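What you are looking at is a predicted structure, and each value in this text was computed from that prediction instead of being measured. Just so you know, residue 1 is the first one in the sequence shown, and it goes up from there.
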Amino acid sequence: VQLVESGGGLVQTGGSLRLSCAHSGFSFDEYVIGWFRQAPGKEREAVSYTRGDIGTIHYAEAVKGRFTLSNDNAKNTLYLQMNSLKPEDSAVYFCAARKIPAYYSGSFFPTAMFDYWGQGTQVTVSS
């Protein structure tokens, strides 16, 4: 499994960024994959992820209505469109994935369940 993020940068409050995660080495419909972030001094938290087999998408409350998760199957790339950015969105953003357990039918996946991680990309929102 390989996950390579890109698209981070510096943006002003209210601006937009689109993060990309090029993924390979696994079948998308057997995995849950998504975006996580970690700010200095804080725990890593889920931003948004999708269960590849049934297409459910989870969003953290803090980003609902502002961020949109999507996947381009032809390009094997997961996107996170981030609009109306706020300073509190500043963090290192990681792409992560794990194989969906055969016994699990739910749509919630704790951060600790994710096995594969990209190197991260920095997002900084200036006030």
When the ring centroid of Phe114 is compared with that of Phe94, is the distance short of 6.0 Å? no
What verdict does the side chain to side chain contact (heavy atoms under 4.5 Å, CB included) test give for Arg66 and Asp89, after you've listed the backbone C-alpha separation in whole Å, the side-chain angles of each residue and the deciding distance to 0.1 Å? CA-CA 11 Å; Arg66 300 188 297 123; Asp89 294 317; 2.8 Å; yes
Geometric cation-pi criterion Arg18 and Tyr79, 6.0 Å radius, 45° cone: yes
Looking at Ser16 and Ser84, what are the two nearest heavy atoms and their distance? OG-N, 4.4 Å
Measure the acute angle between the ring planes of His58 and Phe108, then classify it against the limits of 30° and 60° as parallel, tilted or perpendicular. perpendicular
Please check if Leu80 and Val123 belong to a single hydrophobic cluster, counting links between Ile, Leu, Val, Met, Phe, Trp and Tyr side chain heavy atoms closer than 4.5 Å. yes
All side-chain hydrogen bond (donor to acceptor under 3.5 Å, both in side chains) counterparts of Gln122, not counting sequence neighbours: Thr124
pair Lys75-Ser20: side-chain heavy atoms closer than 4.5 Å: no
Heavy-atom closest contact (Tyr49 atom, Ala46 atom, distance): CE2-CB, 4.0 Å
Sidechain-backbone polar pair: Tyr93 side chain, Glu5 backbone, donor-acceptor under 3.5 Å: no
Could you grab the distance from atom CD1 of Ile54 to atom OG of Ser107, nearest 0.5 Å is fine? 4.5 Å
Give a yes or no on whether the backbone of Val4 and the side-chain of Gln119 come within a donor-acceptor separation of less than 3.5 Å. no
Row check, Phe109 ring normal vs Arg98 NZ/CZ: under 6.0 Å, within 45°: no
Would you please test Asn71 and His23 for side chain to side chain contact (heavy atoms under 4.5 Å, CB included) and show each step? CA-CA 10 Å; Asn71 186 66; His23 51 83; 2.9 Å; yes
How are the rings of Tyr31 and Tyr116 set relative to one another: parallel (under 30°), tilted (30 to 60°) or perpendicular (over 60°)? tilted
Quick one: pull up CD in Glu45 and CD in Gln38 and give me the separation to the nearest 0.5 Å. 9.5 Å
Gln12, CD atom: more than 12 neighbouring heavy atoms under 6.0 Å: no
So OG of Ser127 and NZ of Lys86: to nearest 0.5 Å the spacing works out to 14.0 Å
Quick one: do Asp115 and Lys99 make a salt bridge, cutoff under 4.0 Å? no
With rounding to the nearest 0.5 angstrom, report the CG to CH2 distance, Leu69 to Trp35. 9.0 Å
For Leu3 and Ala96, which heavy atoms make the closest approach, and how far apart are they? CD1-CA, 3.7 Å
Go through Ile57 and Ser48 one step at a time and tell me if the side chain to side chain contact (heavy atoms under 4.5 Å, CB included) criterion holds. CA-CA 7 Å; Ile57 299 177; Ser48 180; 3.6 Å; yes
Exceeds 12 heavy-atom contacts within 6.0 angstrom, atom CD of Glu88: yes
Give the intermediate values and the outcome of side chain to side chain contact (heavy atoms under 4.5 Å, CB included) for residues Trp117 and Cys95. CA-CA 6 Å; Trp117 294 84; Cys95 182; over 6 Å; no
Between Ser90 and Val125 (side chain of the first, backbone of the second, donor and acceptor by atom type, cut-off under 3.5 Å), is there such a pair? yes
Working to the nearest 0.5 Å, report the span between CG of Asp72 and CG of Leu78. 10.5 Å
Thr50 side chain vs Thr56 backbone, donor-acceptor pair below 3.5 Å: yes
Working to the nearest 0.5 Å, report the span between CG of Asn83 and CZ of Phe67. 8.5 Å
Test of understanding: clusters of I, L, V, M, F, W, Y form through side-chain heavy atoms closer than 4.5 Å, transitively. Do Phe28 and Leu19 belong to the same one? yes
With a 4.5 Å cut-off on side-chain heavy-atom distances among I, L, V, M, F, W and Y, is there a chain of contacts connecting Val47 to Met82? yes
